[in-house]
**Q** 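Here you go, one structure.
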Amino acid sequence: GIDSRILIVGLPSIAENLKADPEQAIWLTQAYVLASTAFLLIIGRISDITGRVKIYNIGFIIFTIGSLLTGLARSPIQAIFARGFQGIGGSMMFANSIAIIVDSWPQHELGLGLGVNQIAFRAGAMIGLVVSGVIISLLDWRFLFYINVPIGIFGTLWAHFRLKEVGKIERKASIDWVGFILFTVGIASFLLALTFITYGLSDLLISIIFSIISVISLAIFVFNERRINSPILDLKLLKIKTFLGGTISLLFNVIS
């Protein structure tokens, strides 16, 4: 939660110190978003097959290493790749945290378990904005990422010793790699289109090309998911009104 907001206040300072141009500065945030989004579905599926706690623990390690590498970066490109690596770890935790709670909490107390999780995340997001300003005022920008390292080490060790695999593991289930590739290409192209369109008419053609690639990839993705037996995203979920309504609400919240 802290990490989701801590970069907002500090981004201008990071860009200035790394001598990043505006496009590179955008990708300091977008690299994390792209990696955590693109890998979310496939990691969720792999977790069903190999075990959620195992993937969650690995995610904690990757997230911590990614934070350290970002703090150590000496160029915008290094920071962008490190942020992408950190995003993969973030998606491994995000894809499994709710699932682990659902697996381990009694059904009649599940609302409490999910509520505690969300309150902690939202509190962290608010604290992150304050912590970011304090760090930029008193310390070097690199501590925006170094702050994750001790938290990550503690979380990794705690998860390793305390979390137990209690969920059902589907060891023989198949993985929809075609769906993963189509989804990744669609999302990546969409973000690239948005990036290029912000730089005026000179990059408008490139933006249009990426937009077309995105639409075609996501359209084929939907067709693929409706056709196969074990889709990476079960589109039947959208027939559940509360699920659909919550998803649309969350979309507008993130856009705003």
Side-chain angles (χ1 to χ4, degrees), residues 1-5 32-33 35-64 86-128 148 151-152 154-177 179-180 183 187 225-226 228-254:
I2 291 175
D3 186 74
S4 69
R5 292 290 186 270
Y32 183 92
V33 172
S36 59
T37 303
F39 282 87
L40 192 63
L41 293 178
I42 193 67
I43 286 172
R45 189 59 176 152
I46 292 174
S47 299
D48 291 338
I49 297 171
T50 61
R52 296 181 178 118
V53 169
K54 180 188 297 184
I55 300 298
Y56 183 84
N57 292 354
I58 296 172
F60 237 129
I61 295 172
I62 292 176
F63 181 84
T64 306
Q86 185 188 17
I88 294 174
S91 68
M92 296 173 82
M93 290 192 292
F94 189 77
N96 289 290
S97 58
I98 299 295
I100 290 172
I101 292 172
V102 172
D103 286 341
S104 58
W105 278 68
Q107 284 298 311
H108 67 281
E109 294 183 352
L110 186 55
L112 174 61
L114 296 175
V116 169
N117 177 271
Q118 288 301 301
I119 289 171
F121 182 85
R122 301 300 172 189
M126 291 187 288
I127 292 170
N148 288 329
I151 298 173
F154 170 80
T156 300
L157 293 173
W158 185 92
H160 175 74
F161 288 109
R162 295 292 297 167
L163 292 182
K164 307 300 179 185
E165 196 71 66
V166 295
K168 181 182 178 182
I169 298 177
E170 306 172 24
R171 298 194 184 279
K172 296 183 180 180
S174 60
I175 298 178
D176 177 20
W177 291 109
F180 166 64
F183 182 76
I187 293 295
E225 298 308 280
R226 297 179 65 179
I228 64 175
N229 293 325
S230 300
I232 194 171
L233 176 62
D234 189 355
L235 297 176
K236 293 178 182 177
L237 290 170
L238 298 177
K239 293 182 179 180
I240 304 173
K241 292 181 180 180
T242 50
F243 179 84
L244 177 62
T247 302
I248 293 173
S249 175
L250 182 60
L251 174 64
F252 284 130
N253 177 58
V254 175

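Just so you know, residue 1 is the first one in the sequence shown, and it goes up from there.
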**Q** I'd like to check the side chain to side chain contact (heavy atoms under 4.5 Å, CB included) partners of Ile240; sequence neighbours left out, ordered by chain and number.
**A** Leu237, Thr242, Phe243
**Q** Of all residues at least two apart in sequence or in a different chain, which pass the side-chain hydrogen bond (donor to acceptor under 3.5 Å, both in side chains) check with Ser91?
**A** none
**Q** Roughly how far apart are Phe121 CZ and Phe94 CZ, rounded to 0.5 Å?
**A** 6.5 Å
**Q** To check you understand the geometry: which heavy-atom pair defines the closest contact between Met92 and Ile58, and what is its length?
**A** CE-CG2, 3.6 Å
**Q** Roughly how far, to the nearest 0.5 Å, is CD1 of Ile49 from CD1 of Ile169?
**A** 10.5 Å
**Q** Would you indicate whether the side-chain heavy atoms of Ile43 and Met93 approach each other to under 4.5 Å?
**A** no
**Q** Any salt bridge (charged side-chain N to carboxylate O under 4.0 Å, His left out) pairs touching residues 114-123, not counting sequence neighbours?
**A** none
**Q** Nearest 0.5 Å, please: how far is CG in Asn57 from CD1 in Ile62?
**A** 11.5 Å
**Q** Please enumerate all residues that pass side-chain hydrogen bond (donor to acceptor under 3.5 Å, both in side chains) together with Asn148, with sequence neighbours excluded.
**A** Asp3, Ser67
**Q** Okay, side chain of Thr37, backbone of Val33: is any donor-acceptor separation there less than 3.5 Å?
**A** yes
**Q** Quick one: does Leu112's side chain get under 4.5 Å of Trp105's, heavy atoms only?
**A** yes
**Q** Taking side chain to side chain contact (heavy atoms under 4.5 Å, CB included) as the definition, give me every residue that meets it alongside Ser174, ordered by chain and number, with sequence neighbours left out.
**A** Ser230
**Q** Can you list the residues that meet the salt bridge (charged side-chain N to carboxylate O under 4.0 Å, His left out) rule with Glu165, with sequence neighbours excluded?
**A** none
**Q** Do Arg45 and Asp48 have side-chain heavy atoms sitting under 4.5 Å apart?
**A** yes
**Q** Using the side-chain contact (heavy atoms from CB on, under 4.5 Å) rule, take Val53 and Val166 through it: C-alpha gap first, then chi angles, then the decisive distance, then the call.
**A** CA-CA 9 Å; Val53 169; Val166 295; over 6 Å; no
**Q** Mind jotting down which residue pairs meet the salt bridge (charged side-chain N to carboxylate O under 4.0 Å, His left out) criterion with at least one end in residues 102-117? Sequence neighbours excluded, please.
**A** Arg52-Asp103
**Q** Looking at residues at least two apart in the chain, or sitting in another chain, which of them share a side chain to side chain contact (heavy atoms under 4.5 Å, CB included) with Ile232?
**A** Leu41, Ile42, Asp176, Phe180, Phe221, Glu225
**Q** Once ring-ring contact (aromatic ring centres under 6.0 Å, His included) is applied, do any residues pair with Tyr32, and if so which ones, sequence neighbours excluded?
**A** none
**Q** Suppose we screen for side chain to side chain contact (heavy atoms under 4.5 Å, CB included). Which residues come up paired with Asn253, at least two apart in sequence or across chains?
**A** Leu250, Ser256
**Q** What pair of heavy atoms forms the shortest contact from Ile101 to Leu110, and how long is it?
**A** O-CD1, 4.0 Å
**Q** Who passes ring-ring contact (aromatic ring centres under 6.0 Å, His included) against Phe60, sequence neighbours left out?
**A** Tyr56
